[in-house]
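In this text the structure is predicted, and so the values were computed from the model without any measurement. Every heavy atom of this structure was used, including side-chain atoms; hydrogens, water molecules and symmetry mates were not.
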Amino acid sequence: MPIQKILFGSPGTGKSHRIVKSIIPSHLRITNNSNIIKTVFHPEYTYGDFVGKLVPFTKAGRVEYKFHPGHFLIALSQAYKNILDNVEDPDNVVLVIDEINRGNSAAIFGTVFQLLDREPNGWSSYFINVTELEILTILELIGVKFKALADNKYEYKFPGETHEVQDYLVFQNRVECLNMDLKQKRIFIPPNLSLLATMNTSDNSIYFMDNAFKRRWDWEFVNIEDDNQRSVVASRRINLYGQDSCAWNDFVDKLNGFIRSHYKTVRKIEDKQIGYFFINEQEINHEHIKNKLMFFVWDSVFNTNRKPLTDLLEMNERDLVTFGQFTQQDVVNTFVHKILQFNV
């Protein structure tokens, strides 16, 4: 059965790591990189990037256009190709979408949204019609040879076929296993194509996902308090200005406890904590702490109320007005040590 899931949670909780190291090799049993297609959504990512678009290029001084298949079309074609190679037990294919909420998902998926409903056997419940350019691109990616005939018909030759025929409809039986209608240009998502996505719930500049889109996915919350993640980073240390300070995972636990203790003033506190992979370095130094972690604390967690920080550091409000003041060496040292002394 395919997996169609969005992994969500705070930054640094290892969502992408779980997909790459666990779900893909263990659950989907994918070992061939050609069966893994990855993309990242962002504000400028479009339906054309996802499905396909005409791209201009210059050839011999003339501007020509070529259809460039998007990530979804590439993944779909690879899944179809694997079915043709082995109808009974085709290799799985996965399309991985990182940061799915940083793009306008409704606009990016477009009509593909209709394919996300799945039957118990893994096939899409409903078909969509695609353009002739898109259907021909799918066939080309599968390895089908074709040529135009009269009356807007085509002659198709699928991989392994050697004889010539003139009526393209004869080949319709070669795509029954793909649930594809070449004449009507209808396609379905097959059961050997999975879709996996990640979502950082703390992102400020996110696009709204409507309920109709959300309900077509399974959702998995990746919790910060994950013992498996904690054990992976057990050897990582914080080194401040040449001095070994503490274990990274201990510091993360204490920092999250400090953030949670201000649940009355911090909005969406579930999203304001950090995971053990927030800084993914074996040795974490003062530059990592002040430029990434402390900036996150300053800009995202206590951006509307600095009092928890001034109380923690035992500073006057006027002495902690700018981020530059927050990242002075003595303040960085005090911040780390005060967090370690904080009682959850």
Side-chain angles (χ1 to χ4, degrees), residues 2-4 6 24 28 30 32-42 44-57 64-85 90-100 103-118 122-146 148 154 156-159 171 174-197 213 216-217:
I3 299 174
Q4 194 163 285
I6 295 176
I24 290 177
L28 294 175
I30 297 176
N32 189 336
N33 285 333
S34 65
N35 291 325
I36 304 172
I37 293 84
K38 292 186 176 182
T39 187
V40 181
F41 281 7
H42 53 81
E44 299 300 318
Y45 193 92
T46 65
Y47 176 85
D49 298 311
F50 191 57
V51 177
K53 59 185 175 181
L54 286 171
V55 178
F57 67 98
E64 298 183 8
Y65 289 85
K66 182 177 180 181
F67 186 78
H68 179 77
H71 298 96
F72 172 75
L73 218 61
I74 293 171
L76 181 68
S77 301
Q78 183 65 33
Y80 284 163
K81 185 177 180 180
N82 290 352
I83 291 174
L84 288 176
D85 290 341
D91 288 345
N92 285 322
V93 176
V94 62
L95 173 60
V96 180
I97 305 169
D98 273 319
E99 310 288 354
I100 192 171
N104 187 344
S105 299
I108 291 170
F109 272 80
T111 55
V112 174
F113 164 84
Q114 188 76 3
L115 299 177
L116 297 180
D117 271 324
R118 302 282 194 113
W123 284 96
S124 294
S125 301
Y126 312 104
F127 66 83
I128 63 169
N129 295 98
V130 296
T131 65
E132 183 172 306
L133 198 54
E134 288 166 336
I135 202 76
L136 292 178
T137 300
I138 291 172
L139 294 175
E140 184 178 1
L141 290 171
I142 291 174
V144 176
K145 305 296 183 182
F146 51 86
Y154 289 87
Y156 300 105
K157 186 185 293 184
F158 280 77
F171 282 100
R174 295 285 285 123
V175 289
E176 283 181 356
C177 59
L178 304 182
N179 232 358
M180 183 190 295
D181 187 327
L182 298 178
K183 187 175 182 180
Q184 300 297 327
K185 302 177 183 62
R186 294 174 177 174
I187 62 170
F188 296 78
I189 292 179
N192 65 324
L193 176 56
S194 292
L195 286 80
L196 293 169
F213 185 82
R216 284 166 168 79
W217 297 81

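- L133 CG to K185 NZ: the interatomic distance, rounded to the nearest 0.5 Å, is 11.5 Å.
- Partners of N82 under the side chain to side chain contact (heavy atoms under 4.5 Å, CB included) rule, at least two apart in sequence or in another chain, are N35, Q78, D85, P90, D91, V93, N192.
- Atom-to-atom distance recorded for L193:CG and F188:CZ is 14.5 Å, nearest 0.5 angstrom.
- A search for side chain to side chain contact (heavy atoms under 4.5 Å, CB included) contacts involving T111 returns Y47, I128, not counting sequence neighbours.
- Shown here for S194 and P2, the closest heavy-atom pair between the two residues is OG-CA, 3.4 Å.
- For Y126 against D117, the heavy-atom pair with the smallest separation is CE1-OD2, 3.7 Å.
- Heavy-atom minimum distance, A75 versus L95: CB-CB, 4.1 Å.
- For the pair N179/F127, no side-chain contact is recorded, criterion being any heavy-atom separation below 4.5 Å from C-beta on.
- Considering every non-hydrogen atom in both I83 and W123, the closest pair reads CD1-CH2, 4.4 Å.
- More than 12 heavy atoms of other shown residues, nucleotides or ligands fall within 6.0 angstrom of atom CZ in F57.
- Expressed to the nearest 0.5 Å, how far CG of N33 lies from NZ of K38 amounts to 8.5 Å.
- In this structure, D98 CG and T39 OG1 are separated by 8.5 Å, a value rounded to the nearest 0.5 Å.
- By the 4.5 Å heavy-atom criterion applied to side chains, I24 and V96 are counted as neighbours.
- A distance of 4.0 Å separates CZ in F50 from CZ in F109, rounded to the nearest 0.5 Å.
- For the atom pair Y80 OH and I189 CD1, the distance stands at 8.0 Å (nearest 0.5 Å).
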| task | Could you go through the side-chain contact (heavy atoms from CB on, under 4.5 Å) check for I97 and H71 one step at a time? | result | CA-CA 10 Å; I97 305 169; H71 298 96; over 6 Å; no
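- Under the 30°/60° scheme for interplanar angles, the aromatic rings of Y45 and H42 are found to stand perpendicular.
- No option in I187, I142, L76, I138 other than I142 meets the side-chain contact (heavy atoms from CB on, under 4.5 Å) test with L178.
- Nearest heavy atom pair, residue M180 against residue L182, reads SD-CD2, 3.4 Å.
- Nearest heavy-atom pair across A79 and P190 is CB-CG, 3.8 Å.
- Under the 4.5 Å side-chain criterion, counting only non-hydrogen atoms from C-beta, D49 is not in contact with E44.
- In terms of modelled atom types and a separation under 3.5 Å, the side chain of S105 and the main chain of I100 share a donor-acceptor contact.
- Judged purely by atom type and a 3.5 angstrom limit, Q4 uses its side chain to pair as donor or acceptor with the backbone of L116.
- At most 12 non-hydrogen atoms from other residues, nucleotides or ligands lie less than 6.0 angstrom from CD of E140.
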